Amino acid sequence: MAPSIQLTSAGAGNDSDSGDLEDVRLLDSYDKRDIEDGTKRIQVRISGMTCAACSNSVEAALKSVDGVIEASVALLQNKADVVFNKNLVKDEDIKNAIEDAGFEAEILHEPVSVGPKPVGDSTVVGQFTIGGMTCAACVNSVEGILKNIVGVKKAVVALATSLGEVEFDPKVISKEEIVSAIEDAGFEASFVQSTSQDEIVLGVVGVVDVQVLESMLSGFKGVRQFRFDPLLSELNVVFDPQVLSSRSVFDGICAVSNGKFKVHVRSPYARMASKDGSESETMFRLFTSSLFLSIPLFFMGVICPHIPFIYSLLLWRCGPFLMDDWLKWALVSVIQFVIGKRFYIAAIRALRNGSTNMDVLVALGTTASYVYSVCALLYGALTGFWSTTYFETSAMLITFVLLGKYLECLAKGKTSDAIKKLVELTPATALLVVKDKDGKSIEEREIDSLLIQPSDTLKVLPGTKIPADGIVSWGSSYVNESMVTGESIPVLKEINAPVIGGTINLHGVLHIQATKVGSDTVLSQIINLVETAQMSKAPIQKFADYVASIFVPTIVALSLLTLLCWYTAGALGAYPDEWLPENGNHFVFALMFSISVVVIACPCALGLATPTAVMVATGVGANNGVLIKGGESLERAQMVKYVIFDKTGTLTQGKATVTVAKVFAGMDRGEFLKLVASAEASSEHPLAKAILQYARHFHFFDGSSLTNGSQNDVNELKSGWLYDASDFSAIPGRGVQCVIDGQRVLVGNRKLLEESGINISTEVESFVVELEESAKTGILVACDGILIGVLGVADSLKREAFVVIEGLQKMGITPVMVTGDNWRTARAVAKEVGIRDVRAEVMPAGKADVVRSFQKDGSIVAMVGDGINDSPALAAADVGMAIGAGTDIAIEAANYVLMRDNLEDVITAIDLSKKTFSRIRLNYVFAMAYNIIAVPVAAGVLFPSLGIKLPPWVAGACMALSSVSVVCSSLLLRRYRKPILTTILHEIVVN
């Protein structure tokens with residue numbers, strides 16, 4: 001860990017809230033317990049505890065003191081909470097008991113609240129980079145440690161991304177303590193970002209006067225604490241977002257710098273990318289160092305015996321050993337204990353935490369080879385019997401393993417390209433329009449895009465990216481939104497039109513008012529969705545986790561069994577002595593097979609098989625407009641048997657238009673439309689909006705111009721032409737009712753009128769049936785108990801609907817349509833797209849029941865919808881797919897989000913899932929087959945019959961390349977292309 005300067009918190013000492021919040025609470029068991037009369041409670045700071053065994057010994061020492069009632073020790077906080085009888089025990093007795101146990105103790109005299117604390121949703125989700133994980137066993141170890149920490153509610157670790165997401169209560173444990181816990185487990189860790197909005201990380205360039213920084217920040221009201229790291233040149237400022245903004249903190253530091261240093265906002269993703277790069281660089285440096293030292297070993301063993309002069313120097317005896325032995329020992333010792341130190345550290349810490357991983361196997365294999373070679377030299381010096389040494393085996397093993405880890409780092413880095421591309425969509429800077437109190441622009445200022453605040457007015461020049469989500473406040477232009485929505489056609493943006501951050505302004509100058517910034521923007525949510533999906537585990541990975549938990553012990557046992565079998569067979573004369581190496585013996589012969597078994601086995605390939613494929617697939621999906629919320633969703637989608645479609649807005653455009661209006665009473669057509677529009681004006685239903693728009697056109701334009709004029713022209717029309725409606729109510733699945741000028745007006749379907757006792761004549765019924773059979777919805781209107789007219793509303797099908805339904809059927813998937821519309825209209829629409837199974841007149845809650853009815857036989861059911869009324873069904877389905885242009889509630893309930901509002905992406909989502917899990921299965925087959933075949937070969941099963949023998953260094957090379965092969969196999973998913981079926985639509989359009 002880099003050393004850092006911890007500056008004093010602003011206001012420390014004056015405000016109790018600015019103290020160490022993590023110190024307030026230790027253990028829940030004491031939060032609600034009242035202290036009885038005659039007892040006392042104190043906290044003690046303890047130094048020297050390193051593990052759970054230490055905390056247990058301290059706790060036992062305290063409880064053994066006569067008079068101590070309760071004692072509990074928190075390892076991470078390095079504190080003890082002790083309740084004792086103050087008549088029998090003094091504070092010093094508690095301190096002495098801890099010191100007698102071998103630790104340092106300090107009594108904390110601050111008052112401690114023992115009453116109940118308010119419970120609230122105060123947790124934050126922190127993201128941490130975790131280095132040193134090599135297989136699923138490492139992941140399980142880190143997850144287990146994190147989940148056992150007091151204050152941590154949830155922890156998920158992903159091997160492919162080397163990231164961990166931890167939900168924790170910052171009042172109980174800090175992010176620094178979580179980092180320490182991960183490091184104590186034998187891994188490298190650093191904090192990346194959290195959901196908290198009260199922290200900013202600044203990069204500092206130039207000469208920094210720490211005293212100036214301290215005095216300036218201490219004077220900032222709202223600054224809680226700050227820390228400057230001179231090695232990383234980072235300034236971390238924690239502030240109260242209710243008092244300060246990140247931009248005011250940034251501006252204040254810039255103002256006080258006086259040009260001596262400059263600051264810039266550090267993006268968490270840029271910091272994460274730099275750490276990924278540094279990991280690759282570290283592996284490359286270790287590999288090249290090991291290779292540089294291994295080349296001389298190769299020359300001494302292969303080339304030098306053919307060069308008499310050099311070979312004679314190597315055979316020169318220097319003390320008890322030859323120069324050749326001295327050089328090999330020196331070179332290999334550096335490789336083994338300096339370059340290979342990381343394997344020992346990781347292995348020891350893994351064993352200390354009761355787990356095993358690849359590092360344990362590497363450390364065992366190389367140590368066995370090294371120790372044997374040293375013992376062989378010493379034995380030769382003492383007895384004169386010189387056995388062959390295997391120093392080069394240890395060196396080449398480490399070299400090849402490091403090469404494999406380096407290639408694995410490079411390959412794993414490519415699996416996160418989708419995230420990097422999404423991050424790059426956000427512009428680095430933005431033009432802020434500064435206004436005076438009267439709202440007039442006074443200047444333009446370039447700021448970091450991470451400092452944008454809601455309500456900021458931003459100027460967007462032609463050809464530049466929009467820096468944040470917002471609405472257009474001035475100007476008009478076309479915007480390319482393809483990078484976010486997947487739609488290639490530019491979209492016209494005028495005043496009050498919404499814009500998405502990261503999209504490109506093509507032509508005109510725009511002024512936008514920021515509405516969503518930071519983690520609330522659409523782009524940030526997409527990035528978060530992809531990250532979350534990549535962090536999640538698919539159920540199929542449980543198999544790999546189980547295998548990983550028993551893998552290393554099994555391989556070690558097989559290695560020992562190999563050693564025993566070959567050595568025993570040799571001692572019993574079961575094989576000829578000609579098989580033995582020169583100057584070798586049966587033990588050396590058996591040992592080489594044993595080492596090969598240890599080093600050729602690879603748990604990494606199993607651990608990487610699923611997460612790397614899921615990671616690539618979620619990135620590929622995002623690039624194709626399909627956002628996947630997790631590995632479990634991805635796994636379920638490939639088993640879908642039924643796909644249930646909502647009709648309105650899913651199979652149809654969702655933009656209903658009135659095609660006919662017929663009056664059956666002696667009323668003027670204009671008055672009829674005005675009455676209907678007045679009733680529907682308070683409704684949010686799409687059909688109501690279509691009726692209102694139709695009536696507006698009829699009222700303000702002649703009937704022939706109903707399809708002319710822009711939407712903005714319509715919106716600007718005043719609503720004063722409508723009647724006042726009272727007692728308005730919307731009846732789900734029926735329609736609306738209200739009172740206009742004392743008359744009760746009903747607008748809706750047959751059920752609404754029938755339940756209200758209104759007679760529907762044969763003429764009206766025939767007209768409505770004719771509408772429904774032509775896939776139109778009949779809207780009936782009644783006034784004062786008399787049916788006065790009917791409106792015909794059509795919602796045209798999406799042009800790709802027929803092709804998608806046909807494609808699903810070819811994939812063996814049964815499409816189903818469910819709608820709240822009437823049966824005739826539903827059947828007409830279903831017939832047009834080719835759906836045979838139709839469920840009509842279904843209430844919103846009933847859609848979920850339809851989903852459950854298909855699930856009864858264990859079938860996997862997908863639901864595709866877009867509206868709030870689809871949310872229960874989306875949540876009930878095994879795979880919920882929300883159309884991206886739909887409501888936020890529907891998107892929240894779904895497992896997939898189709899950004900393009902295009903039904904073709906339903907096929908893309910299912911096909912991508914099938915391709916991904918075919919790749920995962922192939923990865924598992926490769927990883928399992930590799931170990932099943934490689935381990936027996938390394939053990940020498942084929943040596944007696946075919947003479948095939950794998951030297952340990954060859955086994956090490958195979959092991960290193962196996963995990964790389966699995967990652968590269970997953971990377972092939974990047975070549976995924978949408979199924980050919982989706983091109984059928986374009987052929988139909990062209991022809």
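Everything quoted here is computed from the prediction, not taken from an experiment.
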Next on the checklist: Evaluate Ser477 against Asn505 for side-chain hydrogen bond (donor to acceptor under 3.5 Å, both in side chains), listing each step before the verdict.
Outcome noted: CA-CA 7 Å; Ser477 179; Asn505 178 27; 2.5 Å; yes
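- Leu163 is listed as a side-chain neighbour of Thr129, based on a closest heavy-atom distance under 4.5 Å.
- With hydrogens and angles ignored, the 3.5 Å screen pairs a side-chain donor or acceptor of Gln855 with a backbone N or O of Ala876.
- Atom OG in Ser162 sits 8.0 Å away from atom CD1 in Ile130 (nearest 0.5 Å).
- Across all non-hydrogen atoms, the minimal contact from Thr515 to Pro454 is O-CB, 4.4 Å.
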Checklist entry - Step by step, would you call Met133 with Val157 a side-chain contact (heavy atoms from CB on, under 4.5 Å)? => result CA-CA 10 Å; Met133 295 190 298; Val157 178; 3.5 Å; yes
Checklist entry - How far apart are the C-alpha atoms of Asp911 and Lys914, what are their side-chain angles, what is the distance that settles it, and do they pass the salt bridge (Lys or Arg N to Asp or Glu O under 4.0 Å) test? => result CA-CA 5 Å; Asp911 184 67; Lys914 290 178 180 291; over 6 Å; no
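- Residues Leu912 and Val626 are not in side-chain contact: their nearest non-hydrogen atoms beyond the backbone lie 4.5 Å or more apart.
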Item to check | Evaluation steps, salt bridge (Lys or Arg N to Asp or Glu O under 4.0 Å), between Glu481 and Lys493 | outcome: CA-CA 11 Å; Glu481 297 182 339; Lys493 299 294 182 181; 3.0 Å; yes
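- For Thr819 and Arg839, the side-chain atoms include no donor-acceptor pair closer than 3.5 Å.
- With a 4.5 Å cut-off on side-chain heavy atoms, Pro462 and Leu506 do not count as touching.
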Next on the checklist: Applying salt bridge (Lys or Arg N to Asp or Glu O under 4.0 Å) to Lys647 and Asp795, what does each step give before you reach the verdict?
Outcome noted: CA-CA 10 Å; Lys647 180 178 78 69; Asp795 186 2; 5.3 Å; no
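- Formation of a donor-acceptor pair under 3.5 Å by the Glu167 side chain with backbone atoms of Val125 is not found in this model.
- Between Pro872 and Lys847 the shortest side-chain heavy-atom distance does not fall below 4.5 Å.
- Thr503 places no side-chain N or O within donor-acceptor distance of the main-chain N or O of Val479, the cut-off being under 3.5 Å.
- Using a 4.5 Å cut-off on side-chain heavy atoms (C-beta onward), Ile182 and Leu146 make contact.
- Ser969 places no side-chain N or O within donor-acceptor distance of the main-chain N or O of Ser965, the cut-off being under 3.5 Å.
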Checklist entry - How far apart are the C-alpha atoms of Ile500 and Ile466, what are their side-chain angles, what is the distance that settles it, and do they pass the side-chain contact (heavy atoms from CB on, under 4.5 Å) test? => result CA-CA 7 Å; Ile500 302 173; Ile466 296 173; over 6 Å; no
Next on the checklist: Could you walk me through whether Val906 and Met881 satisfy the side-chain contact (heavy atoms from CB on, under 4.5 Å) test, starting with their C-alpha distance in whole Å, then the side-chain angles of each, then the deciding distance to 0.1 Å, before giving a yes or no?
Outcome noted: CA-CA 8 Å; Val906 173; Met881 297 185 184; 4.0 Å; yes
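- Looking only at atom types and distance, the side chain of Thr429 has no donor-acceptor partner in the side chain of Asp448 under 3.5 Å away.
- Nearest heavy-atom pair across Asn923 and Ala613 is ND2-CB, 4.3 Å.
- Under 4.0 Å is where a charged nitrogen must lie from a carboxylate oxygen, and between Glu904 and Arg799 no such pair does.
- Side-chain contact between Phe802 and Glu832 is absent, with no heavy-atom pair separated by less than 4.5 Å.
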Checklist entry - Is there a side-chain contact (heavy atoms from CB on, under 4.5 Å) between Val643 and Ile910 once you walk through the steps? => result CA-CA 10 Å; Val643 175; Ile910 295 173; 4.1 Å; yes
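- Going from atom OG1 of Thr652 over to atom CG of Leu797 covers 7.0 Å, rounded to the nearest 0.5 Å.
- Thr618 places a side-chain N or O within donor-acceptor distance of the main-chain N or O of Val614, the cut-off being under 3.5 Å.
- Listed here is the closest heavy atom pair of Ile512 and Ala468: CD1-O, 3.7 Å.
- Side-chain contact between Val499 and Asp469: absent, with no pair of heavy atoms (C-beta onward) separated by less than 4.5 Å.
- Between Phe854 and Ile644, the shortest heavy-atom distance links the atoms CD1-CD1, 3.8 Å.
- Met817 pairs with exactly one of Ile805, Ile835, Asp646 by the side chain to side chain contact (heavy atoms under 4.5 Å, CB included) rule, that one being Ile835.
- Minimum heavy-atom separation, Tyr896 to Ser633: OH-O, 3.6 Å.
- Here the NZ atom belonging to Lys154 is positioned 15.0 Å from the CZ atom belonging to Phe168, to the nearest 0.5 angstrom.
- In this structure a side-chain-to-backbone donor-acceptor pair under 3.5 Å is present from Lys798 to Thr650.
- Rounding to the nearest 0.5 angstrom, the gap separating the CD atom in Gln638 from the OG atom in Ser918 is 7.5 Å.
- Closest approach of Phe128 to Lys175, counting heavy atoms only: CE2-O, 3.7 Å.
- A distance-only check finds a donor-acceptor pair linking the side chain of Arg636 to the backbone of Asp878 [under 3.5 Å].
- A donor and an acceptor atom, one from each side chain of Gln513 and Asp456, are nowhere located under 3.5 Å apart.
- For the atom pair CD1 (Ile628) and CD (Glu635), the distance works out to 13.0 Å, reported to the nearest 0.5 Å.
- Side-chain atoms of Tyr478 and Ile504, non-hydrogen and from C-beta on, never get closer than 4.5 Å to each other.
- For Phe926, the CZ atom sits in a packed shell: over 12 heavy atoms of surrounding residues, nucleotides or ligands are nearer than 6.0 Å.
- The NZ atom of Lys465 sits 10.5 Å away from atom OG of Ser449, with the distance rounded to the nearest 0.5 Å.
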